[in-house]
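Read the structure below first, then the notes.
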Amino acid sequence: MRQVAIDAWVEAAHSVNSGASYRSGRQARSVLDDARETVASLLGCEPIEVIFTASGTEADNIAVQGLYRAARVAGRPARIITTPIEHPAVLEPAQNLGAEVEFLPLGRDGHVGDLSALDTPAALATCMWANNETGAIQPVEELCRRASAQDTAVHIDAVQVVGKVPVDFAAVGATTLAASAHKFGGPRGAGLLLARRSPAPQPLAFGGGQERGIRPGTVDVASAAALAAALRESVAEMNAEAARIGALRDTLRAGLLGAIDNVVVNTAEPALPSHLHLSFPGTDSDSLLMLLDGEGIEASAGSACHAGVTRMSHVLEAMGVSADEGRGSLRFTLGRGTTQADVDAVCATLPGLIERARGV
Ligand code: PLP
């Protein structure tokens, strides 16, 4: 967590229920209003469009299930258009609504290209802004434009981009957009759903009507304040950090490609500057991860949320990566704390581990 987020959280930790009408309740409400206004001004939306949630997963679920239900009530077809590389927080609800789910075709570079499925009306189109495994940035503006021409609601999972890439909710043209505080230095267990006034998602839970009734329950004011503080700082640093991290990532890629034979690069531009996903045929991710961990280097194989599961990630599968390549894949994610010394350590360590793993 960023220090500004910890400070904001501690300062707001005494906040009482922001729905209470007595003085301390009004004070809590004012902290929450400030957080909402900060988020709105940083992400190009109106304060009323900001819904605080308990995670990116919850925001995705409210959007996918709630927009689908709202669309069905309005008589839209039982059809969802999405991509095969969504996070399970989108993929699983989409596949459990009884809808016909149509996947946009994906290239070997991890990008969706052919958007023609959007030219036929659907209840919902949902697409991630950037993929969490490869970092591939998807054409979300074009996707929103094509879907909107058919009055199809669009949800964008922007969990990987908020705080890292400029986001203007109004300009993108999505119906809803999800983010997660821990991705930009805020607390874990705090997320955001930006939701236009109309069409609004139907609620999944019913209660006291907080957050426009879309996400009822007493609001965690301290987490909202911490989220806003983290977002403010990450947006202020965004350009400089993208340049710094991108340069480190390029050095890492060049160092590894120069020292190791037969490397497949799975991260293709346009991509987040933070991600580098590589395959080393003839190796096995699990043993590489264990050896790297022993050297104090923390990487992941598929999606970090799936660490421990050995089958090839659904993202690599959808990209058409072969089983042999997919088995020996590593995802390096660089961030705020990553330094040149970290990159040097990986470049000095990994080539020897790959040689050992390949038995050469
Ligand atoms: N969507 C994407 C693209 C993610 O990368 C993640 C988490 O890594 C999520 C959704 C879920 O967010 P949370 O961890 O806040 O539940």
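Just so it is clear, the values below take in all heavy atoms, side chains as well, and ignore hydrogens, waters and symmetry mates. Both ligands and their constituent atoms are indexed starting at 1 by order of listing.
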| remark: Nearest non-hydrogen contact to atom 11 (C) of ligand 1 from the set Thr53, Asn61, Thr57 belongs to Thr57
| request: Would you please say whether a donor-acceptor pair under 3.5 Å links the side chains of Ser329 and Ser279? | output: yes
| task | State the atoms of ligand 1, each with its element, that fall below the 4.0 Å cut-off from a heavy-atom position in Asp60. | result | 1 (N), 10 (C)
| Option nearest atom 14 (O) of ligand 1 (shortest heavy-atom distance, choices Glu86, His182, Gln160) | His182
| query | By number and element, which atoms of ligand 1 are closer than 4.0 Å to a non-hydrogen atom of Ser55? | reply | 15 (O), 16 (O)
| field | Numbered atoms of ligand 1 (with element) below 4.0 Å of Asp157, judged on heavy atoms | value | 1 (N), 2 (C), 3 (C), 10 (C)
| field | Met238 and Pro166, any side-chain heavy atoms less than 4.5 Å apart | value | yes
| said: Within the 4.0 Å heavy-atom shell around Ser180, which atoms of ligand 1 are there? | reply: 13 (P), 15 (O)
| query | Out of curiosity, is Lys183 lining ligand 1, as in a heavy atom under 4.0 Å away? | reply | yes
| query | Any nitrogen or oxygen of Ala89, main chain or side chain, under 3.5 Å from a nitrogen or oxygen of ligand 1? | reply | no
| field | Shortest reach to atom 6 (C) of ligand 1 by a heavy atom, considering only Arg188, Glu58, His87 | value | His87
| said: When you compare the side chains of Asp114 and Ser116, does any donor N or O come within less than 3.5 Å of an acceptor on the partner? | reply: yes
| field | Under 3.5 Å side-chain donor-acceptor pair for Arg244 and Thr338 | value | no
| query | Side chains of Asp60 and His155: do they bring a donor and an acceptor to under 3.5 Å? | reply | yes
| request: Look at Glu46 together with Arg36 and state whether they make a salt bridge at an N to O cut-off of under 4.0 Å. | output: no
| Distance-only polar pair, side chains of Ser148 and Arg146, donor-acceptor under 3.5 Å | no
